[in-house]
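Computed from heavy atoms alone, side chains included, the values below leave out hydrogens, waters and symmetry copies. No experiment lies behind these values; they were computed from the predicted model shown.
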Number of protein chains: 2
Amino acid sequence: MSGDRELTPTSYIVLGLLAEEPGTPYDLKARVAAGLGNFWSVQHAQLYTETARLASEGFLDEDRETEGRRRKTYSITKAGRAALSAWLDEDAVGELPEIRDPGLLKVYLGADPKVIAAAQVAAHKARLKEWENLKVALSTFEVPTGPGITLDAGINYARVSVKFWSSLL
Amino acid sequence: MSGDRELTPTSYIVLGLLAEEPGTPYDLKARVAAGLGNFWSVQHAQLYTETARLASEGFLDEDRETEGRRRKTYSITKAGRAALSAWLDEDAVGELPEIRDPGLLKVYLGADPKVIAAAQVAAHKARLKEWENLKVALSTFEVPTGPGITLDAGINYARVSVKFWSSLL
DNA sequence: ACCGTCATGTAATCGGTTACATGATTCT
DNA sequence: AGAATCATGTAACCGATTACATGACGGT
């Protein structure tokens, strides 16, 4: 626990994932890859630094193995849960995402739209297929609401992108 | 001109904007705000550091006023143009944007979808209206292809977002 | 026993954001 | 002439990406 700072999205990702179940940074890496990473990637090194930071701020408890690998397992504290749910509830006003699409950037700066569009259509189609498969695979189980919704959002976005870029061909 | 590095999107934004016409970092700020900033914002401080960096690497020429404000006006060099067009042409393969939508993140991590959706619908609608107005204002003139296309993309994205979040209400 | 790959972590670098600061203009 | 705002720039901090490094384990 030390000097205050504004928590970042990465902080909340860590808190959110640990809120379900304690784990090591490496576990978190796997959890991110399992779903969240599809629309919000996190470098694995961040998971080490961010867990350490959050622990030093009192949002996580750290439990280190005494033998072998001496892995550090983190679990969320009361304060951590409080910070997380404050963030989840706050800000009904909603910040909007920036688009930040590298393809669009190139078009804006003068690239040939048709060339970019061709590549984008292919890439979005590939990702769309991947996500659709994922959805089929998951729909056999109960899909927790949050991840299910974001997957739908991703699929929706990919479809729209394919349509948009196709219109430029 | 010194040690090599990979140019960043910010680098290409600077190069791209200066390719049309030389200017000071402050001019660039205005140009970004005029259009690009709608989908890819750049902090003004970056425009100072990035121009300086690019100049030291030989991609820009720097011309400093000898009197008054001693403003620095930058113009793109041959090497700069070469780097820019290499980037514009390259990578037909296309990296995809990450969604990185804060609203989606909250939903994934357990926020109440309806609450988030309500805020998102409102915010996206506001931005949509703004962009539609912008489009009307611009369509009186000839809109250069690049910016025109990205504006359409933005409008399209906003419409889809409104629809998506509305479906969760 | 060796090799490759997965697991696990630390260190260094660097771009980006925030904060600070001051010189011109314009308006009242 | 003073206040407010726009123009213009520098400095410090910090999170994020990249690179590096080593331990365990499964297979041949």
Practice item. Indicate whether any N or O donor in one side chain lies under 3.5 Å from an N or O acceptor in the other, for Q120(B) and S161(B). Key: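 Side chains of Q120(B) and S161(B): no pair found under 3.5 Å.
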Review point. Strictly by modelled atom types, are E50(A) and T10(A) linked by a side-chain donor-acceptor pair under 3.5 Å?
Key: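 No donor-acceptor contact under 3.5 Å links the two side chains.
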Interatomic distance, [X] [atom1] vs [N] [atom2] [rounded to whole Å]:
X      : N       : atom1 : atom2 : result
R71(B) : dG9(D)  : CZ    : P     : 7 Å
D27(A) : dT8(C)  : CG    : C1'   : 11 Å
E62(B) : dG9(D)  : CD    : C1'   : 13 Å
R5(B)  : dA12(C) : CZ    : C1'   : 18 Å
Y74(B) : dT8(D)  : OH    : P     : 14 Å

**Study point:** Whichever of T10(A) and K29(B) has its nearest DNA chain D nucleotide further upstream toward 5'
**Key:**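 It is K29(B) whose nearest nucleotide is closer to the 5' end.
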**Study point:** Most 5' of Y26(B) and R53(A) on DNA chain D, judged by nearest nucleotide
**Key:**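 The 5'-side residue here is Y26(B).
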Point to revise | Selection: residues 38-50 of chain B, any non-hydrogen atom under 4.0 Å of DNA chain D | key: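 Of all residues in residues 38-50 of chain B, the ones placing a heavy atom under 4.0 Å from DNA chain D are H44(B), A45(B), Y48(B).
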Check your understanding: Nearest to the side chain of P25(A) - dG9(D), dG9(C), dT17(D)?
Key ->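 Selected nucleotide: dG9(C).
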**Study point:** Whether over 12 other heavy atoms sit under 6.0 Å from E20(A) CD
**Key:**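 Counting neighbours around CD of E20(A), 12 or fewer heavy atoms of other residues, nucleotides or ligands fall under 6.0 Å, so no.
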